[in-house]
2 protein chains.
Amino acid sequence: MTAAHAAVDRIGDHPDAADITLQRILEAFADPVRRSIVRQIANAPDDTACGTFDISVTRSTGTHHFRVLRQSGLIRQYYVGTSKMNTLRRDDLEQAFPGLLDALIAAANREAAAARGAQDASQEP
Amino acid sequence: MTAAHAAVDRIGDHPDAADITLQRILEAFADPVRRSIVRQIANAPDDTACGTFDISVTRSTGTHHFRVLRQSGLIRQYYVGTSKMNTLRRDDLEQAFPGLLDALIAAANREAAAARGAQDASQEP
DNA sequence: TCCATCGTACGACGCCCATCGTACGACCCC
DNA sequence: GGGGTCGTACGATGGGCGTCGTACGATGGA
């Protein structure tokens, strides 16, 4: 078995595009940590490694959240060496629920911007 | 105090448009019963009374779901006699998160259509 | 006035989920 | 080969939420 094969085999549980359900998408997106993860992936120019995320939970909890995102169909994961890369499944989601992902990301960005604004305002003299 | 005043006073807890948060919107929409309620309101030509909804839970549970929807800012409620009417807060939501409500409703309708399709298919000979 | 209906309040219950700590396997680099 | 890093697995735990039953207030009609 080649190294490439091993790397591929280490990932499981990506649902087919046809099996993506709104229920799982919303459950996944309703959690603040996962929403932040999706935002960071969406706003990054390239695919992002798990370790480079700015999250406020333990590694094991992080693993849990990435699994939920993967099983919901929101993200696709693949190994590069020891680090796991993440991408949004834009095409599959567009096919399943057109316009939904863009609207969710836009809303999440707006939410984050509002949070930053509130924080800045509270720090003013 | 007039009857109209009493009717108004009997409703509480509508958040201001500026206080609508994505967190609450998503939590509200992530529940299947509440999602079905929002769909029925969105697809009805006029405002809908609580009692006329097709929901699969008890009245008391229904009250709970309507309260969550109201406190999230998704719906506005007002009394007409003894029955409570429901409307989507389209304008306020559009201001808070442009395009989000339409995308969510479209996705929910698509989800419901898929569920109907699956059911019909399973009933074929 | 009396009753039927609509919605609410409150308490109870059960389940699911986010979180963590620890131990382990996989991989890269020296 | 050996240590260090990255991610996972597993069990435990605590809290929150959906659900219900029952009892109660408000309204409208007979």
Side-chain angles (χ1 to χ4, degrees), chain A residues 1-14 21 23-38 41 47-72 75-87, chain B residues 1-14 23-38 41 47-72 75-86:
Chain A
M1 181 164 57
T2 68
H5 277 124
V8 170
D9 291 350
R10 274 171 61 199
I11 310 263
D13 276 308
H14 286 98
T21 68
Q23 183 65 43
R24 282 188 178 279
I25 296 290
L26 293 176
E27 285 171 356
F29 214 76
D31 182 273
V33 176
R34 291 194 286 263
R35 196 157 59 246
S36 166
I37 291 174
V38 172
I41 299 178
D47 295 357
T48 316
C50 278
T52 68
F53 281 84
D54 180 20
I55 52 178
S56 54
V57 291
T58 314
R59 269 201 312 259
S60 54
T61 304
T63 296
H64 164 67
H65 285 307
F66 280 106
R67 181 170 50 236
V68 172
L69 287 171
R70 171 165 37 86
Q71 293 178 339
S72 78
I75 68 173
R76 189 175 297 281
Q77 297 189 293
Y78 59 96
Y79 267 105
V80 173
T82 159
S83 61
K84 208 169 192 173
M85 308 299 295
N86 302 273
T87 322
Chain B
M1 180 165 57
T2 68
H5 278 124
V8 170
D9 291 350
R10 276 171 61 199
I11 310 261
D13 276 308
H14 286 98
Q23 182 65 42
R24 281 188 180 278
I25 295 291
L26 293 176
E27 284 171 357
F29 214 76
D31 183 273
V33 176
R34 291 194 287 263
R35 196 157 61 245
S36 166
I37 291 174
V38 173
I41 299 178
D47 294 356
T48 315
C50 278
T52 68
F53 281 84
D54 180 20
I55 53 178
S56 54
V57 291
T58 315
R59 268 201 312 266
S60 55
T61 304
T63 297
H64 164 67
H65 285 307
F66 280 106
R67 180 170 51 236
V68 172
L69 286 171
R70 170 165 37 85
Q71 293 177 340
S72 78
I75 69 173
R76 189 175 297 279
Q77 297 189 291
Y78 59 97
Y79 269 103
V80 173
T82 160
S83 60
K84 208 170 192 173
M85 308 298 295
N86 302 274

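Below, chains carry the letters A, B, ... as their sequence lines are ordered, and counting in each starts from 1.
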Polar atoms only, N or O, under 3.5 Å: list the protein pairs with nucleotides 13-16 of chain C and their distances.
none

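The two atoms that bring R34(A) and H65(A) nearest to each other are NH1-ND1, 3.1 Å, heavy atoms only. Taking both residues in full, the closest heavy atoms of R35(A) and L26(B) are given as NH1-CD1, 3.6 Å, listed atom of the first, atom of the second, then distance.
How far OG of S36(B) is from CG of D31(B): 10.0 Å, rounded to the nearest 0.5 Å. Atom CD1 in I37(A) sits 8.0 Å away from atom CG in N86(A) (nearest 0.5 Å). Taken to the nearest 0.5 Å, the OG1 atom of T87(A) stands 8.5 Å off from the CD1 atom of I75(A).
Rounding to whole angstrom units, CZ of residue F66(B) and P of dT8(C) are separated by 9 Å. What separates CD1 of I75(B) from P of dG7(C) is a distance of 12 Å, to the nearest Å. Here dC6(C) presents its P atom at 15 Å from CG of N86(B), a figure rounded to the nearest Å. Per the geometry, CD belonging to Q77(A) stands 16 Å off P belonging to dC6(D), to the nearest Å. Atom CE of M85(A) and atom P of dC6(D) are 14 Å apart (whole Å). We find that OH of Y78(B) is positioned 19 Å from C1' of dA26(D), with the value rounded to whole Å. The distance between atom OH of Y79(B) and atom P of dA26(D), rounded to the nearest whole Å, is 11 Å. Note: CD (Q71(A)) to P (dT8(D)) measures 11 Å, nearest angstrom.
Listed by chain and residue number, Q77(B) satisfy the side-chain hydrogen bond (donor to acceptor under 3.5 Å, both in side chains) test with R70(B) (two or more places apart in sequence, or in another chain). Checked against side-chain hydrogen bond (donor to acceptor under 3.5 Å, both in side chains), E27(A) has the following partners two or more places apart in sequence or in another chain: Q23(A).
A heavy atom lying under 4.0 Å from DNA chain C marks the following residues of residues 28-37 of chain A, by number: D31(A), V33(A), R34(A). Of all the residues in residues 53-65 of chain A, R59(A), S60(A), T63(A) reach under 4.0 Å from DNA chain D with at least one non-hydrogen atom.
With contacts defined as side-chain heavy-atom distances shorter than 4.5 Å, the pair R67(A)/T63(A) qualifies.
The K84(A) side chain lies nearest to dG7(D) when the options are dG7(D), dA9(C), dG7(C).
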Check: residues 48-59 of chain A side-chain donor-acceptor pairs under 3.5 Å, at least two apart:
| residue | atom | partner | partner atom | Å |
| --- | --- | --- | --- | --- |
| T48(A) | OG1 | D46(A) | O | 3.4 |
| T52(A) | OG1 | A49(A) | O | 2.8 |

